[in-house]
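Quick caveat, the model's predicted, so the values are computed rather than measured.
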Amino acid sequence: MAMDIFSGANLTVEVGSSAGKTVATDFVEVPEVNTFSTSGFESTVISVKTFNNAYGRKLLGTKSIPDISLAVNYLPDNAVHQKLEQLADDQKRCQVKLSYFTDATKKEGFFVIYTCFVSSTTIGGDKDEVVTKTFTLAVDGEAIDSGLITPKPESGE
């Protein structure tokens, strides 16, 4: 079955404690996600000058994944928010799983898992706004897993 376009309303962000290339088994969902920057990758662009040619050339070098900015409606006593803060304090790697679903049933979509550091935290807000905390996730290397999320068959089928 072909998927339709996606809405940002059906996103989950989960944190796991494994820091290696093996996918964590203890992912917990981050509550109160406020805003989330995109994930993807970028390549280093190398400009090549060639004498006797009016135009230069470009080549692509190594790839990297830009930092991911994760803003939450801050709950100071929430265990997952505290875990993210502790990861930042301890400067330890963790895994982050981003799942994008086609609708609110969260039965089909796709996911990607990165190993990363929580490199910074910033708290913000205003008198008429919710207090937010932004965690900057510095991705270490490439995605360690990604794929489709497909509906699980009903029991008894």
K.L.:
Measuring from atom OG of Ser99 to atom CG of Asn10, what distance do you get when rounded to the nearest 0.5 angstrom?
P.N.:
11.5 Å
K.L.:
With ILVMFWY side chains joined below 4.5 Å, transitively, what does Phe117's cluster contain besides itself?
P.N.:
none
K.L.:
Please round to the nearest 0.5 Å and tell me the distance separating atom CD1 of Ile68 and atom CZ of Phe135.
P.N.:
14.5 Å
K.L.:
Anything under 3.5 Å between a donor and an acceptor, one on a side chain of residues 21-28, the other on a protein residue two or more places apart or in another chain? List them.
P.N.:
residue: Asp26; atom: OD1; partner: Ser17; partner atom: N; Å: 3.1
residue: Asp26; atom: OD1; partner: Ser17; partner atom: OG; Å: 3.4
residue: Asp26; atom: OD2; partner: Ser17; partner atom: OG; Å: 2.4

K.L.:
Are the side chain of His81 and the backbone N or O of Val30 linked by a donor-acceptor pair below 3.5 Å?
P.N.:
no
K.L.:
Tell me whether Phe41 shares a hydrophobic cluster with Tyr114, the cluster being built from Ile, Leu, Val, Met, Phe, Trp, Tyr side chains joined at under 4.5 Å.
P.N.:
yes
K.L.:
Using residues 44-59 as the side-chain source, report each donor-acceptor pair under 3.5 Å to any protein atom, sequence neighbours left out, with the distance given to one decimal.
P.N.:
residue: Thr44; atom: OG1; partner: Thr62; partner atom: O; Å: 3.4
residue: Asn53; atom: OD1; partner: Tyr55; partner atom: N; Å: 3.2

K.L.:
With side chain to side chain contact (heavy atoms under 4.5 Å, CB included) as the criterion, how do Gln95 and Ile144 come out once you've worked through the C-alpha distance, each side chain's angles and the decisive distance to 0.1 Å?
P.N.:
CA-CA 9 Å; Gln95 287 183 6; Ile144 60 171; 3.2 Å; yes
K.L.:
Name all residues meeting the side-chain contact (heavy atoms from CB on, under 4.5 Å) criterion together with Ser146; count only those two or more places apart in sequence or in a different chain, and write none if there are none.
P.N.:
Val112
K.L.:
Please report the shortest heavy-atom distance between Asp67 and Ala138, naming the atom on each side.
P.N.:
OD1-CA, 3.4 Å
K.L.:
Keeping to residues at least two apart or across chains, list the salt bridge (Lys or Arg N to Asp or Glu O under 4.0 Å) pairs with something in residues 135-149.
P.N.:
Arg93-Asp140
K.L.:
Strictly by salt bridge (Lys or Arg N to Asp or Glu O under 4.0 Å), give each pair with a member in residues 116-129 just once, sequence neighbours left out.
P.N.:
none
K.L.:
Tell me, with the steps shown, if Phe101 and Ile149 meet side chain to side chain contact (heavy atoms under 4.5 Å, CB included).
P.N.:
CA-CA 8 Å; Phe101 296 97; Ile149 300 167; 3.7 Å; yes
K.L.:
To check you understand the geometry: which heavy-atom pair defines the closest contact between Cys94 and Gly16, and what is its length?
P.N.:
CB-O, 3.4 Å
K.L.:
Any salt bridge (Lys or Arg N to Asp or Glu O under 4.0 Å) involving residues 98-107? Give me the pairs, sequence neighbours left out, ordered by first then second residue.
P.N.:
none
K.L.:
Quick one: pull up OG1 in Thr115 and CG in Leu137 and give me the separation to the nearest 0.5 Å.
P.N.:
12.0 Å
K.L.:
Between Gln82 (side chain) and Pro76 (backbone), is there a donor-acceptor pair under 3.5 Å?
P.N.:
yes
K.L.:
Once rounded to the nearest 0.5 Å, what's the spacing between atom CG of Leu60 and atom NZ of Lys63?
P.N.:
9.5 Å
K.L.:
Give, for atom CG of Leu98 and atom CZ of Phe111, the distance between the pair rounded to the nearest 0.5 Å.
P.N.:
11.0 Å
K.L.:
What's the verdict on side chain to side chain contact (heavy atoms under 4.5 Å, CB included) for Val13 and Val72, showing C-alpha distance, side-chain angles and the deciding distance?
P.N.:
CA-CA 11 Å; Val13 180; Val72 297; over 6 Å; no
K.L.:
Sequence neighbours left out, what pairs pass salt bridge (Lys or Arg N to Asp or Glu O under 4.0 Å) with at least one residue falling in residues 68-89?
P.N.:
Glu85-Lys133
K.L.:
With sequence neighbours excluded, tell me which residues meet side-chain contact (heavy atoms from CB on, under 4.5 Å) with Ser120.
P.N.:
Thr136
K.L.:
For residues Gly40 and Ile65, report the shortest heavy-atom separation together with the two atoms involved.
P.N.:
O-CG2, 3.2 Å
K.L.:
Test side chain to side chain contact (heavy atoms under 4.5 Å, CB included) on Val80 and Glu29; report intermediate values, then the result.
P.N.:
CA-CA 8 Å; Val80 181; Glu29 187 172 347; over 6 Å; no
K.L.:
Working to the nearest 0.5 Å, report the span between CD of Glu108 and OG1 of Thr150.
P.N.:
8.5 Å
K.L.:
Apart from Val131 itself, which Ile, Leu, Val, Met, Phe, Trp or Tyr residues share its cluster (side-chain heavy atoms under 4.5 Å, direct or through members)?
P.N.:
Tyr74, Ile123
K.L.:
Return the set of residues passing side-chain hydrogen bond (donor to acceptor under 3.5 Å, both in side chains) with Asn34 (not counting sequence neighbours), or none when no residue passes.
P.N.:
Asn73
K.L.:
Kindly write out the residues that satisfy side-chain contact (heavy atoms from CB on, under 4.5 Å) with Pro66, not counting sequence neighbours, or none if the list is empty.
P.N.:
Glu42
